[in-house]
Amino acid sequence: KLILLDSLLQETSGEKSFLVKHCQTMEPSLVKSLAVPWLVLLSCLGGCDSGAVQIDSNNIDGILENNEFVFINFYADWCRFSNMLAPIWDEGADKIAAEMAGKKVVMGKVDCDKESSLGSRFHITKYPTIKFVQNGVLAKKEYRGQRSADSFLEFVKEHVKDAVAEFTDLSQLKTLDENKRHLIGYFSSPDGPDYQNFNKVSLTLKEDCLFHAGFGSAFDNMRPPGQNVIAFRPSKARESDSDQTFTGSLADLEQLGAWAAEKCSPLVREITFENAEELTEEGLPFLILFHGPDDTQSIREYNDLVARELLSEKSSMNFLTADGVKFAHPLHHLGKSKDDLPLIAIDSFRHMYLFPKFEDIKIQGKVKTFLQDLYSGKLHREFHYGADPEEEKKAIEDKSEDNNKEEKKDDTPEESKDDAKHIPRTDDEQPEEASKKPVKSTDPPESQFVHLGPSKNRYTILRDEF
């Protein structure tokens with residue numbers, strides 16, 4: 001054994017063997033006990049073909065281009081959470097390599113201290129961050145599941161399996177889940193680039209849309225002769241939009257992917273305890289509709305409002321809906337309960353602000369003004385000091401004028417009418433004191449959704465967004 005070990009060492013190092021120099025001074029039994037461990041070590045000298053692939057700026061583009069699914073751990077050696085994950089990540093890579101042999105799947109890792117450009121390219125703000133790229137497209141969502149080798153394996157298996165459900169009769173389309181969005185394809189056959197591109201898009205957007213395909217002559221009446229057709233069906237329970245057909249070239253994967261992403265990625269999203277972390281990490285304040293579990297009408301009205309009036313705000317605000325029973329805790333901090341649903345509120349990640357009346361969303365510009373008052377700081381000022389006296393006075397006058405139009409004229413002297421318009425703020429407040437702002441002793445309700453962001457017990461946060 002020692003002769004073999006010594007020979008291997010000399011072949012590996014090309015230098016005078018460590019054993020030749022030192023074994024003469026060691027006990028024979030100790031030398032023998034070290035032989036087997038050294039042989040194991042030597043089997044990996046020169047590079048072991050196990051564990052995750054080390055990715056750098058030189059090889060990343062080739063890896064992304066030549067593989068269908070690339071799972072990447074962005075880490076830093078000084079981060080204790082990265083060090084805890086490292087052996088588990090390598091174990092997961094070995095499991096995936098063994099059970100998915102022949103698949104174009106790679107589990108890689110990026111040292112962000114050495115590859116800072118890749119950290120910037122993939123917008124890494126915490127360690128470790130786990131992202132994945134499928135068919136060359138970076139997923140919008142990170143991996144936030146359990147950190148175990150088995151969980152990594154199941155996640156990859158789930159994402160590479162076929163996401164398209166085949167239907168054989170048009171009647172099956174009448175039973176589609178109305179709470180989901182759907183992309184429906186009518187193809188002459190599953191062969192050819194049209195369906196292949198449809199299938200690739202499905203793998204990228206399977207968490208946002210459900211995909212369905214029908215093949216053959218049974219669906220000839222759904223498509224022009226010699227052509228394949230893809231149609232989008234919105235969530236009928238949540239949206240008022242009609243079905244739409246893709247008018248571009250199905251052979252153009254980039255064009256089809258962009259159209260599908262636009263349709264499957266709604267302006268208004270539902271927040272859940274499962275996706276709250278990633279939504280919070282986006283860093284945009286929330287405009288949230290809290291609704292009852294079975295209330296679809298207020299959701300449709302809210303979707304219509306956002307599409308009609310708030311498109312210009314989408315880069316500054318996240319538009320969300322939330323089950324008011326599941327998210328009862330934020331409601332409690334607003335002084336509300338399930339009996340007050342539906343209602344709308346802003347969570348700025350510092351404070352929460354309640355929109356006065358849900359019915360007022362039908363008033364043109366009312367909600368947009370509410371958002372602009374957040375940006376300007378007016379909501380915060382008014383919480384402390386009350387409404388601006390001049391605006392309050394104007395609102396009272398406008399209301400009084402509206403009421404007067406509905407009533408018959410009376411014989412009240414003009415002076416009395418003027419006096420009636422100037423309602424004091426409190427019973428004992430003098431007119432000249434109306435411009436003084438009484439200070440409230442408390443702040444607006446604190447943000448509750450900020451607590452659902454990335455945990456400092458799980459990540460090293462590079463930049464505290466909140």
(message) Check whether Y459 forms a cation-pi arrangement with R147 (NZ or CZ under 6.0 Å from the six-membered ring centre, at most 45° off the ring normal).
(response) yes

(message) Looking at K180, I want to see if its NZ is surrounded by more than 12 non-hydrogen atoms of other residues, nucleotides or ligands under 6.0 Å.
(response) no

(request) Kindly indicate, with the supporting measurements, whether the criterion side-chain contact (heavy atoms from CB on, under 4.5 Å) is fulfilled by E142 and F74. (result) CA-CA 11 Å; E142 298 174 10; F74 295 86; over 6 Å; no

(message) Under a 3.5 Å cutoff, is there a donor and acceptor pairing between the side chains of S376 and Q372?
(response) no

(message) For the NZ atom on K357, are there more than 12 heavy atoms of other groups (residues, nucleotides or ligands in this structure) within a distance under 6.0 Å?
(response) no

(request) May I ask you to decide whether D295 forms a salt bridge with K338, counting only side-chain N to carboxylate O separations under 4.0 Å? (result) no

(message) Using 30° and 60° as the class boundaries, would you call the ring planes of Y353 and H351 parallel, tilted or perpendicular?
(response) perpendicular

(request) Would you sort out whether Q134 and H159 count as a side chain to side chain donor-acceptor pair (under 3.5 Å), showing the intermediate values? (result) CA-CA 9 Å; Q134 193 154 16; H159 275 75; 5.4 Å; no

(request) Can you spot which of I344, I361, L320 makes a side chain to side chain contact (heavy atoms under 4.5 Å, CB included) with L289? (result) I344

(request) Identify whether the distance between the nearest side-chain nitrogen and carboxylate oxygen of K236 and D243 falls below 4.0 Å. (result) yes

(message) We want to know whether N318 and R269 form a side-chain donor-acceptor pair, criterion being a heavy-atom distance below 3.5 angstrom.
(response) yes

(request) Assert yes or no for the condition that the ring centre distance of Y302 to F319 is strictly below 6.0 Å. (result) no

(request) For a salt bridge (charged side-chain N to carboxylate O under 4.0 Å, His left out) with E239, tell me which candidate from R233, R300, R181 qualifies. (result) R181

(message) Can you classify the ring geometry of Y195 versus F198 as parallel (below 30°), tilted (30 to 60°) or perpendicular (above 60°)?
(response) tilted

(request) Classify the angle between the aromatic ring planes of F219 and F167 as parallel (below 30°), tilted (30 to 60°) or perpendicular (above 60°). (result) perpendicular

(request) Could you tell me if the ring centre of F286 sits under 6.0 Å from that of F349? (result) yes

(message) Check the orientation of W78 and Y127. Use parallel for under 30°, tilted for 30 to 60°, and perpendicular for over 60°.
(response) perpendicular

(message) Parallel, tilted or perpendicular: which one describes the rings of W89 and F71, with boundaries at 30° and 60°?
(response) tilted

(request) Please work out which of the three classes, parallel, tilted or perpendicular, describes the rings of F246 and W259, given edges at 30° and 60°. (result) tilted

(request) State whether K161 and E158 are salt-bridged, where the test is any N-O pair (Lys NZ or Arg NE/NH1/NH2 against Asp/Glu carboxylate O) under 4.0 Å. (result) yes

